[in-house]
2 protein chains.
Amino acid sequence: MLTKPPGMAAMSDPPRSAPAARDLLFLRESELRLAQDLLFFGYRGFTTPPDRLLAELGMGRAHHRVLHFVGRRPGITVGDLLGILGITKQSLGRVLQPLIAQGYIHQQPGRLDKRQRLLFLTEKGAALERRLFESQKEVLLRAYREAGPTAVEGFRRVMRGLMDEAGRAEVERMERALRS
Amino acid sequence: MLTKPPGMAAMSDPPRSAPAARDLLFLRESELRLAQDLLFFGYRGFTTPPDRLLAELGMGRAHHRVLHFVGRRPGITVGDLLGILGITKQSLGRVLQPLIAQGYIHQQPGRLDKRQRLLFLTEKGAALERRLFESQKEVLLRAYREAGPTAVEGFRRVMRGLMDEAGRAEVERMERALRS
DNA sequence: GCGGTTTGGTCAGCATGGTTGGCGTTTCTC
DNA sequence: GAGAAACGCCAACCATGCTGACCAAACCGC
């Protein structure tokens, strides 16, 4: 038989009658399969609204990411931004240079280290980033409100667990900056 | 001043002292900003392991998506798959045709409607999909286990809220199929 | 102050995976 | 039998990743 019968995914699930596994039902393979679907459709729902705005301006998701993280960390160095995005200097350059040329982002030499080009959003850049955020805010607010505070806390815990070390460190840094 | 001062994001947050807003703290703008970060880093952590395997085989994430959804819905039509992926026929063709040519996916004319080409994973395709899934399973299991069942339930609720109608319908269909 | 390292920019070339528009075949449906 | 639907394929274009190479400016250790 070449094809996977409908019930096959469930076959690897632990038997439901096993007493020790009672609390581990949420770790069943079928639940993990569902998680794949949720992440695919959920992430797409999250990115679609800004993607539409960006398309009108002839930009892509990569531009949004740069605007977002420069907004999150004003004065970030090019190197740090590269680390966060996980792309190469050349890939970033192709997105960053137009953003600078069109006046969305402003560069300023570092005071301690003059080799660095610290990145900031201009007024224009902050305005665009805000428009993009507002479009995403609608989706996020709806999801958060429908789900409620407890669910949101759970969502955060799971997303944190999905990240690699670098991502987790970055998020923690953002939270520290927020509290201070 | 061209740049956004550090505290600016928090400025749009509702005042913490407002009594009616006590339960709505999780809807603060700073929380939504954090959600953006969580989704970016979390989704990346989720996709990195299969991406690495795929790269070794000269494939990309698009191939994985096809393998995943054909595995989820054996016998799916090309049209339905296009609807789920949200891409064009041409884009799908460029990924699907090689998968068929290399024996990962098998096509079979529909019995009711002979125009349709129903898609199935071959043994080889199911094996590859499983390898990809296993790599993702590690990340998912770790995240789910660390977070616990309550958090997982919350995660699901939020992700569902992020989806558009089509995504939600598709996920519900998967769950119905699971229960039956 | 000199040499090596680090930060950043840039050029050329390539691959993947999206897009549009158009065209053709088979099959279904009225 | 006509029109619509499901699918395949062609050409062309675009966005965004990649590698490899090379360059300039600034920093740092000796």
Side-chain angles (χ1 to χ4, degrees), chain A residues 40 43-44 47-48 50-70 75-102 105-120, chain B residues 40 43-44 47-48 50-70 75-102 105-120:
Chain A
F40 173 75
Y43 193 73
R44 192 170 65 186
T47 50
T48 296
D51 281 354
R52 270 201 270 266
L53 286 177
L54 290 158
E56 292 170 15
L57 299 170
M59 300 190 198
R61 206 176 290 178
H63 300 81
H64 187 193
R65 286 197 282 257
V66 169
L67 291 170
H68 171 77
F69 284 111
V70 171
I76 190 175
T77 65
V78 171
D80 281 357
L81 186 54
L82 285 176
I84 288 177
L85 296 176
I87 59 176
T88 60
K89 208 171 28 165
Q90 295 83 343
S91 297
L92 175 60
R94 221 183 358 213
V95 174
L96 182 56
Q97 288 318 314
L99 284 173
I100 291 169
Q102 294 167 39
I105 285 185
H106 167 240
Q107 271 183 325
Q108 167 184 321
R111 262 171 299 192
L112 271 84
D113 187 335
K114 288 177 195 164
R115 291 171 304 179
Q116 296 178 336
R117 303 296 154 86
L118 309 185
L119 303 173
F120 300 89
Chain B
F40 174 74
Y43 193 73
R44 191 170 65 184
T47 50
T48 297
D51 281 354
R52 269 201 271 266
L53 286 177
L54 289 158
E56 292 171 14
L57 299 170
M59 300 189 198
R61 206 176 290 177
H63 299 81
H64 187 192
R65 286 198 282 258
V66 169
L67 291 170
H68 171 76
F69 285 111
V70 171
I76 190 174
T77 66
V78 171
D80 281 357
L81 186 54
L82 285 175
I84 287 176
L85 296 176
I87 59 177
T88 60
K89 206 169 32 163
Q90 294 79 351
S91 297
L92 175 60
R94 224 182 356 211
V95 172
L96 183 56
Q97 288 318 312
L99 284 172
I100 292 169
Q102 293 168 39
I105 284 186
H106 167 240
Q107 272 184 326
Q108 166 184 321
R111 263 170 299 194
L112 269 85
D113 188 335
K114 288 178 193 163
R115 291 172 303 180
Q116 298 177 335
R117 303 294 153 86
L118 309 184
L119 304 172
F120 299 89

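Every chain is numbered from 1 and lettered A, B, ... according to where its sequence line falls, protein lines coming before strand lines.
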Notebook entry, point to check: According to the interplanar angle, ranging from 0 to 90°, do the rings of A/Tyr43 and B/Tyr43 count as parallel (below 30°), tilted (30 to 60°) or perpendicular (above 60°)?
Noted result: parallel
Notebook entry, point to check: Between A/Leu54 (CG) and D/dT16 (C1'), how many Å, whole number?
Noted result: 14 Å
Note to self: How many whole angstroms separate atom NZ of B/Lys114 from atom C1' of C/dT25?
What the structure shows: 16 Å
Next item on the list: Let me know the distance between CG of B/Leu67 and P of C/dG17, rounded to the nearest Å.
Entry: 12 Å
Notebook entry, point to check: Taking OP1 and OP2 of D/dT16, is either one under 4.0 Å from a side-chain nitrogen or oxygen of A/Ser91?
Noted result: no
Checklist line | Close side-chain approach of B/Thr77 to B/Leu118, heavy-atom, < 4.5 Å | finding: yes
Notebook entry, point to check: What integer distance in Å separates B/Leu92:CG from C/dT20:C1'?
Noted result: 16 Å
Check: When every nucleotide of nucleotides 2-11 of chain D is labelled 5' to 3' by its protein contacts under 4.0 Å (heavy atoms), B for base, S for sugar-phosphate only, - for none, what sequence of letters results?
Finding: ---BSBBBB-
Margin query: For the backbone of A/Leu54 and the side chain of A/Arg61, can you confirm whether one donor and one acceptor N or O come within less than 3.5 Å of each other?
Written below: no
Margin query: Please report the distance, rounded to the nearest Å, between CD1 in B/Ile87 and P in C/dT16.
Written below: 16 Å
Check: What is the distance from CD1 of A/Ile105 to P of C/dG9, rounded to the nearest Å?
Finding: 11 Å
Next item on the list: Could you check how far CZ of A/Arg61 sits from P of D/dC14, rounded to whole Å?
Entry: 20 Å
Note to self: By nearest heavy atom, map A/Gly58 and A/Gly110 onto DNA chain D; which one lands nearer the 5' end?
What the structure shows: A/Gly58
Next item on the list: Would you mind reading off the distance between A/Arg94 atom CZ and C/dA12 atom C1', rounded to a whole angstrom?
Entry: 12 Å
Next item on the list: Indicate whether OP1 or OP2 belonging to D/dA15 is found under 4.0 Å from a side-chain N or O atom of A/His63.
Entry: no
Next item on the list: Please work out if B/Gly93 contacts a base, only the sugar-phosphate, or nothing of the nucleic acid, heavy-atom cut-off 4.0 Å.
Entry: nothing
Check: Do B/Ile87 and B/Val95 have side-chain heavy atoms sitting under 4.5 Å apart?
Finding: no
Next item on the list: Report yes if the side chains of B/Val70 and B/Leu99 come closer than 4.5 Å at any heavy-atom pair, otherwise no.
Entry: no
Check: What is the minimum heavy-atom distance between A/Gly93 and A/Pro98, and which atoms define it?
Finding: O-CD, 3.9 Å
Checklist line | Residue pair A/Arg44 / B/Gly86: nearest heavy atoms and the distance that separates them | finding: NH1-N, 3.8 Å
